[in-house]
Amino acid sequence: MKDEGHRLETLCIHAGQHPDPTHGAVMTPIVLASTFAQKSPGQYEAYDYSRAGNPTRTALEGCLAALEGAKHGVAFGSGCAATTAILLGLRTGDHVLCGDDVYGGTFRIFDKVMKQWGLEATFMDMSDPAMVKAAMRPNTRLVWLETPSNPMLKIIDIAAIAQIAKNAGAQICVDNTFATPMLQRPLDLGATMVVHSTTKYLNGHSDVIGGAVLTSDDALGDKLHFLQKSVGGVPSPFDCYMVLRGLKTLGVRMKQHVSSARTLVDRLVKHKQVERVFYPGLTTHEGHEIAARQMKGPGGMISFELAGGLPAAKAFLESLRVFVCAESLGGVESLAEHPAIMTHASVPADVRKTLGIGDGLIRLSVGLEDEGDLADDLDRGFQAAAKA
Ligand code: P1T
């Protein structure tokens, strides 16, 4: 199928994929070969060695690129490997301006890994573009943000920050893992590149670890393919197939994730044991107007502050029977977690406090189970928390 002109739901199913020319197989074959025959030394068709390129991976990269409206897709073995590849494209002495509320593992790459290579990172609240403009330095080469952010669901104005980065000659990378291209397309808003943990909504079934970078910048696309081949953090053909398979239902899944999250949020905001709910769909949410403008829906992630602190939060999470207490998000099954102890443990305690990642904060990834069962499960959690 030619990808031009089709809508996202169609691209999810067909982009990058063509019936196999040998057998006409409708589903993309999983090409497990690590190496490919050459007619004569150096003479081969599309592939020579699977670290450099693999047909199943090419199909996934094509599909992801089409969904984000990008010219180039580069897949990796995890979201963190994708992030690292982007940073390996920078030089010692370069400065990165990073949103303060990002996945703990992303923070750790900037703070603990890349620092050793002489890369400097500043973390800041990017809700106010004027502050971002003021924080840019002559050596700022990259602006990095998540919106909605993990775990506070902060909203950042992608178009405004992209303009600031562009004026300063810096690249801007948006981690679009929480929104997915079904709800938000950062490249359309001026971002240089989009990064994904395909582990989450894109695969959607909690059975793959993967990542990808999408860009329409030709030089950057070449550089990322070069880094992918050189450093080698590539996904297996089987994992590429799994993500392609998961992507086929992304359109319908996202609609249901959003709808169920809205239902649960309506209950959470009214609950007497809930001190605060963080969800971009709430008119009271800081950044709600920007979210309404730049997103097609507020997503399936909710964070809320439970009264009673750590004992209540633990009792809540221990008592759930439909939600699974686990890290990660974006799967068909609902997950609940405690960011301070789990996903954001690598963020220093004082920074967590400033961000609002307290002992009572619980993050929900709303899955596709029956909404009533999910609501009942939360009630079970509240009852347990009340007794803690
Ligand atoms: O786990 P991995 O595929 O390497 O992806 C890292 C990553 C990148 N970006 C965002 C926004 C993420 O949420 C993650 C991973 N996050 C979790 C595991 C989590 O539970 O938040």
Side-chain angles (χ1 to χ4, degrees), residues 60 64 68 74-87 98-114 123 126 144-156 158 173-181 183-184 186 191 193-214 228 231 233-236 239-240 242-243 246 257 278 280 295 299-303 317 323-331 333-347 352 355 357 361-367:
L60 172 63
L64 294 174
E68 287 289 3
V74 193
F76 290 91
S78 70
C80 285
T83 299
T84 304
I86 294 167
L87 298 184
C98 184
D100 56 358
D101 191 46
V102 291
Y103 167 56
T106 303
F107 176 85
R108 188 169 53 206
I109 297 171
F110 283 107
D111 186 51
K112 293 272 184 328
V113 181
M114 297 315 291
F123 300 91
M126 293 192 174
W144 185 285
L145 60 95
E146 282 179 19
T147 179
S149 66
N150 184 358
M152 302 308 292
L153 286 313
K154 276 192 194 179
I155 299 296
I156 298 166
I158 298 172
C173 178
V174 175
D175 185 332
N176 204 26
T177 298
F178 270 35
T180 84
L183 303 182
Q184 172 174 279
M193 60 190 127
V194 167
V195 69
H196 275 284
S197 167
T198 56
T199 313
K200 310 294 168 2
Y201 288 107
L202 300 188
N203 177 57
H205 295 74
S206 304
D207 48 11
V208 168
I209 296 284
V213 188
L214 300 316
Q228 178 195 43
V231 183
V234 294
S236 74
D239 284 354
C240 292
M242 292 290 275
V243 180
H257 284 301
F278 302 91
M295 299 179 76
M301 298 298 296
I302 308 166
S303 290
L317 289 167
F323 280 88
V324 179
C325 175
E327 299 199 10
S328 204
L329 58 113
E333 63 292 308
S334 294
L335 301 180
E337 68 115 8
H338 190 271
I341 296 176
M342 296 168 69
T343 50
H344 290 71
S346 54
V347 177
R352 284 203 304 264
L355 291 172
I357 307 174
L361 190 78
I362 288 176
R363 190 190 74 181
L364 303 177
S365 171
V366 180

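Just so you know, these numbers come straight off a predicted model, no measurement behind them. For this chain, numbers begin at 1 and follow the sequence in order. First listed ligand is number 1; within each ligand, the first listed atom is number 1.
At the top of the distance list for atom 4 (O) of ligand 1, counting protein heavy atoms only, stands Cys80 N, 2.9 Å. Ranking the protein heavy atoms by distance from atom 13 (O) of ligand 1 puts Asn150 ND2, 3.0 Å first. When hydrogens are left out, the protein atom nearest atom 7 (C) of ligand 1 is Tyr103 CD2, 3.4 Å; that is the closest non-hydrogen contact.
A 4.5 Å side-chain heavy-atom check between Pro186 and Glu68 finds at least one atom pair inside the cut-off. Side-chain atoms of Pro151 and Phe278, non-hydrogen and from C-beta on, never get closer than 4.5 Å to each other. The closest side-chain heavy-atom distance from His196 to Pro181 is below 4.5 Å. No side-chain heavy atom of Phe178 sits under 4.5 Å from any side-chain heavy atom of Met295. For the pair Thr84/Val113, no side-chain contact is recorded, criterion being any heavy-atom separation below 4.5 Å from C-beta on. Inter-residue side-chain proximity for Cys325 and Met342 is flagged as met; some heavy-atom pair is nearer than 4.5 Å. Contact of the Arg352 side chain with the Leu361 side chain is not registered, since no non-hydrogen atoms from C-beta on lie closer than 4.5 Å.
Each of the following atoms of ligand 1 lies closer than 4.0 Å to a heavy atom of Gly210: 3 (O). Interface of Ser78 with ligand 1, defined as ligand atoms under 4.0 Å from a residue heavy atom, comprises 3 (O), 4 (O). Close approach of ligand 1 to Ser197 is summarised as follows: ligand atoms under 4.0 Å from at least one heavy atom of the residue are 2 (P), 3 (O), 5 (O), 7 (C), 8 (C). Interface atoms of ligand 1 facing Thr199, defined by a heavy-atom separation under 4.0 Å, are 2 (P), 3 (O). Atoms of ligand 1 found under 4.0 Å from any heavy atom of Leu329, numbered from 1 in the order shown, are 13 (O), 19 (C), 21 (O). Below 4.0 Å from some heavy atom of Asp175 lie the following atoms of ligand 1, by number and element: 8 (C), 9 (N), 10 (C), 11 (C).
At distances below 3.5 Å, at least one donor-acceptor pair connects side-chain atoms of Thr198 with backbone N or O atoms of Gly211.
Considering backbone and side-chain N/O atoms, His344 never comes within less than 3.5 Å of an N/O atom of ligand 1. Inclusion of Gly79 in the set of residues having an N or O under 3.5 Å from an N or O of ligand 1 is warranted. Checking only distances, Thr343 never comes within under 3.5 Å of ligand 1, N or O to N or O.
Residue contacts with ligand 1 leave out Gly211, since none of its heavy atoms falls under 4.0 Å from the ligand.
For the side chain to side chain contact (heavy atoms under 4.5 Å, CB included) with Arg363, the qualifying choice from Ile302, Leu335, Asn150, Ile357 is Asn150, the only one to do so.
The side chain of Arg363, and not its backbone, has at least one atom closer than 4.0 Å to an atom of ligand 1 (non-hydrogen atoms only; side chain from C-beta on).
Closest of all the heavy-atom pairs between His344 and Val102 is NE2-O, 3.2 Å.
Comparing Glu146, Lys200, Glu327 by heavy-atom distance to atom 1 (O) of ligand 1, the nearest is Lys200.
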